[in-house]
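Letters A, B, ... are given to chains in the order of the sequence lines, protein chains preceding strands, and every chain is numbered from 1.
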Amino acid sequence: MYTPTMLLAILPEILLLTLGVILLVVEPFWKAENRRNAGWLTFGGLLAALLISLLFARPADPQTVFGGMLRYDWYGFFFKMMFLFAAAATSLFMMDHEKLGRRGESYLLLLATTLGMCLMASSADLVMLYLAIETTSIPLYVLSGFMLDDKASTEAGFKYLLYGAVTSAILLYGFSLLFGFTGTTNLDTLGNALAAGPNMSGLVFGVILLLLVGLGFKISAVPFHFWAPDVYQGAPTPVAGFLSTASKAAGFAVLLRLFFAAFPGFASWPSILAVVATLTMTIGNLLALPQTNLKRLLAYSSIAHAGYALIGVVAFSELGRASVVFYLLAYIATNLLAFGAVMAFSRITGSDDIKDFSGLSRRSPWLGLAMLAAFLSLAGMPPFGGFVAKVIVFAAAVDKGLYVLAIIGILNSIIAVYYYLNVLKFVYLYRMDGENEEAHPIPLTRPYAIALVVLAVGVVLLGTLFGPWFDWSNLAALNLF
Amino acid sequence: MVDISYYILLSAVLFTIGAVGVLVRRNPLIIFMSVELMLNAANLAFVSFASMHGSLDGQIFVFFVMTVAAAEVAVGLALIVQIFKSRHSINVDEMNSLKG
């Protein structure tokens with residue numbers, strides 16, 4: 001039963017795989033000094049894949065393909081485009097990384113994990129979902145531990161692997177029970193079978209907890225967040241940036257689809273998620289306050305952001321789903337910009353301590369401006385994307401009468417402003433020791449310049465011309481199931 | 001024919017043993033074995049539910065899980081070897097250079 005739409009449904013994945021094979025064949029023939037071009041090849045290829053998919057693979061009416069394994073709809077498509085964009089930016093950041101930039105394998109692993117994320121966003125069957133999650137995770141374990149001569153990197157990779165393996169085993173046990181209760185692995189029929197079957201709300205509650213462990217790890221929600229700061233600090237910075245954005249977004253894509261499809265009638269999960277969201281925001285923000293390492297600070301900030309996005313899931317409405325999708329879009333652009341700026345700085349200085357950022361605005365005004373845009377957007381200031389995203393998420397909560405949750409979210413964003421502005425204080429107000437910043441410039445190589453400019457423009461666009469972006473998020477949310 | 005609930009009970013027991021092993025043991029190799037136990041507990045549940053429902057989906061799932069488990073362990077062992085080279089110890093309590 002072959003139809004052309006089957007190929008269109010997986011066009012981004014086919015292009016990713018083709019790009020990976022081209023990279024694998026071409027790269028060994030290049031001389032060692034040209035190996036960095038693998039980064040340009042990956043970037044160009046990802047950009048081409050993004051454009052070709054946008055032109056030819058836009059979904060019409062939602063439909064399932066490949067025997068119900070994948071769902072071809074706007075929701076999956078929108079997330080796929082986000083992942084391709086994040087991977088393209090990450091490939092630029094990887095190019096001038098000392099250990100990653102000249103190794104074809106690192107780009108190949110990036111493409112493999114992006115492929116897994118694309119499948120995560122569109123899978124409509126438990127078998128496919130499990131395989132997609134593992135296809136995403138295993139290359140990320142390798143990438144986190146990629147710097148083999150660096151103790152911190154191997155330790156980060158190993159910790160990520162241990163947490164990942166245990167939580168995915170727990171997730172799998174949840175899947176097996178879900179299959180046992182319903183006799184099907186298809187998400188569409190699974191929800192109906194659960195609703196039609198005998199009342200098992202106690203057992204289903206247990207299954208929801210098992211699934212939450214697995215997905216909570218992916219989105220680094222409290223109490224499954226312990227890996228995040230260690231892994232972000234130890235892993236190569238481009239990988240940490242990718243982990244905190246695309247990997248988290250993929251986790252949310254699965255969380256939304258799985259919970260809305262399988263448990264629409266179970267009122268217990270929004271209240272569990274409300275508790276998780278509150279804890280995630282509060283603990284993430286409080287632990288970010290005392291940090292002295294900027295990568296660790298960004299890790300705790302990314303935990304807190306998972307909490308804000310969860311508010312939209314708890315709202316359990318169309319606006320709520322659209323707000324989560326928009327939040328993730330704004331968050332991907334903003335956090336990649338933040339990690340990119342940190343990378344551009346620590347590549348020259350070899351440090352990511354916050355106090356070493358003193359005088360950055362004089363050493364490199366443009367990099368300082370990029371930091372300003374990223375951190376103000378993370379803090380939720382207009383006119384940046386982070387502001388609009390927070391407003392919509394809180395609006396979704398208020399719309400459903402979740403006033404307490406919205407107020408907790410707003411109080412948390414106020415706490416967060418403190419530590420974001422603290423970083424900017426070092427960047428803009430403090431001077432370097434000796435006050436001779438002009439003697440220590442921070443040159444930006446071309447890949448960094450391109451990526452930082454595009455991301456900074458994107459963050460401003462998301463915050464000013466947010467209409468079309470929100471319309472697309474809405475379209476994606478409508479198509480969920 | 002043994003009743004299906006015994007298989008499910010066995011799988012729950014195996015899963016619990018695996019989970020406790022992960023939490024208690026300090027040697028990463030034993031931790032990996034415990035994770036394998038958890039995965040196989042899920043496999044057992046899948047197979048017995050599949051025979052209960054008379055559907056093949058669960059059996060197919062098990063094949064994929066075994067493949068994925070092998071891939072995961074391969075990456076894990078590679079990282080353990082690398083950590084052992086630089087630290088001469090693989091005790092997870094000593095992997096504490098990242099904290100704060």
Side-chain angles (χ1 to χ4, degrees), chain A residues 125-128 130-131 133-135 137-142 144-145 147-162 164-166 168-186 210 229-235 287 290-293 296 300, chain B residues 4 8 11-12 14-15 18-19 22-23 28 31-32 34-50 52-55 57-58 60-65 67-69 71-76 78-87 90 92 94-100:
Chain A
D125 191 284
L126 293 181
V127 181
M128 192 67 231
Y130 179 71
L131 280 179
I133 291 175
E134 292 299 327
T135 313
S137 301
I138 293 176
L140 280 176
Y141 303 148
V142 183
S144 307
M147 303 190 285
L148 286 180
D149 44 2
D150 182 292
K151 272 188 185 177
S153 175
T154 46
E155 185 179 322
F158 188 68
K159 277 183 175 166
Y160 189 35
L161 174 89
L162 267 190
V166 174
S168 86
I170 295 174
L171 181 74
L172 183 71
Y173 200 69
F175 283 177
S176 77
L177 292 180
L178 215 48
F179 169 68
F181 295 160
T182 58
T184 173
T185 53
N186 191 297
L210 291 176
D230 288 1
V231 173
Y232 289 10
Q233 190 187 354
L287 288 179
Q291 297 304 324
T292 54
N293 180 300
R296 277 193 97 82
Y300 283 111
Chain B
I4 187 94
I8 305 304
S11 103
L14 283 177
F15 187 80
V22 167
L23 296 174
I31 294 180
F32 272 125
S34 306
V35 173
E36 290 295 304
L37 206 55
M38 290 166 77
L39 289 175
N40 283 323
N43 283 349
L44 182 62
F46 267 121
V47 174
S48 32
F49 281 133
M52 183 179 92
H53 289 295
S55 112
D57 289 356
I60 292 165
F61 212 134
V62 170
F63 277 108
F64 286 122
V65 173
T67 323
V68 165
E72 224 163 39
V73 168
V75 173
L79 282 168
I80 291 179
V81 168
Q82 204 58 41
I83 289 173
F84 185 74
K85 268 188 194 162
S86 60
R87 286 173 206 252
I90 50 169
V92 285
E94 289 166 32
M95 290 182 205
N96 53 7
S97 63
L98 299 167
K99 60 184 170 196

A/Phe158 and B/Phe32 aromatic ring geometry - parallel, tilted or perpendicular at 30°/60° bounds: perpendicular
Minimum heavy-atom distance [X]-[Y], with the two atoms named:
X: A/Leu161; Y: B/Val75; answer: CD1-CG1, 4.3 Å
X: A/Ala169; Y: B/Met38; answer: CB-CB, 3.9 Å
X: B/Ala45; Y: A/Tyr173; answer: CB-CE1, 4.5 Å

Heavy-atom cut-off 4.5 Å, strictly under: side chain, backbone, both or neither for [X] against chain A?
X: B/Ala78; answer: neither
X: B/Thr67; answer: neither
X: B/Phe46; answer: both
X: B/Ala12; answer: both

Per-residue contact mode, A/Leu172 against chain B (heavy atom under 4.5 angstrom): both
Residue part contacting chain B, namely of A/Leu148, when any heavy atom lies under 4.5 Å: both
Who among [options] has the most heavy-atom pairs with chain A under 4.5 Å?
options: B/Val65, B/Ile31, B/Val22; answer: B/Val65
options: B/Met52, B/His53, B/Glu36; answer: B/His53
options: B/Ala50, B/Ala71, B/Ser34, B/Ala19; answer: B/Ala50

Identified side chain to side chain contact (heavy atoms under 4.5 Å, CB included) counterpart of B/Asp57 within the set A/Thr185, A/Leu126, A/Asn186, A/Val127: A/Thr185
4.5 Å side-chain heavy-atom contact, A/Tyr130 and B/Phe61: yes
Inter-residue atom distance [X].[atom1] - [Y].[atom2], 0.5 Å rounding:
X: B/Arg87; Y: A/Thr154; atom1: CZ; atom2: OG1; value: 6.0 Å
X: B/Glu72; Y: A/Glu134; atom1: CD; atom2: CD; value: 4.5 Å
X: B/Leu39; Y: A/Ser176; atom1: CG; atom2: OG; value: 11.0 Å

Heavy-atom pair count under 4.5 Å with chain B, highest-scoring of A/Asp125, A/Ile170, A/Thr182: A/Ile170
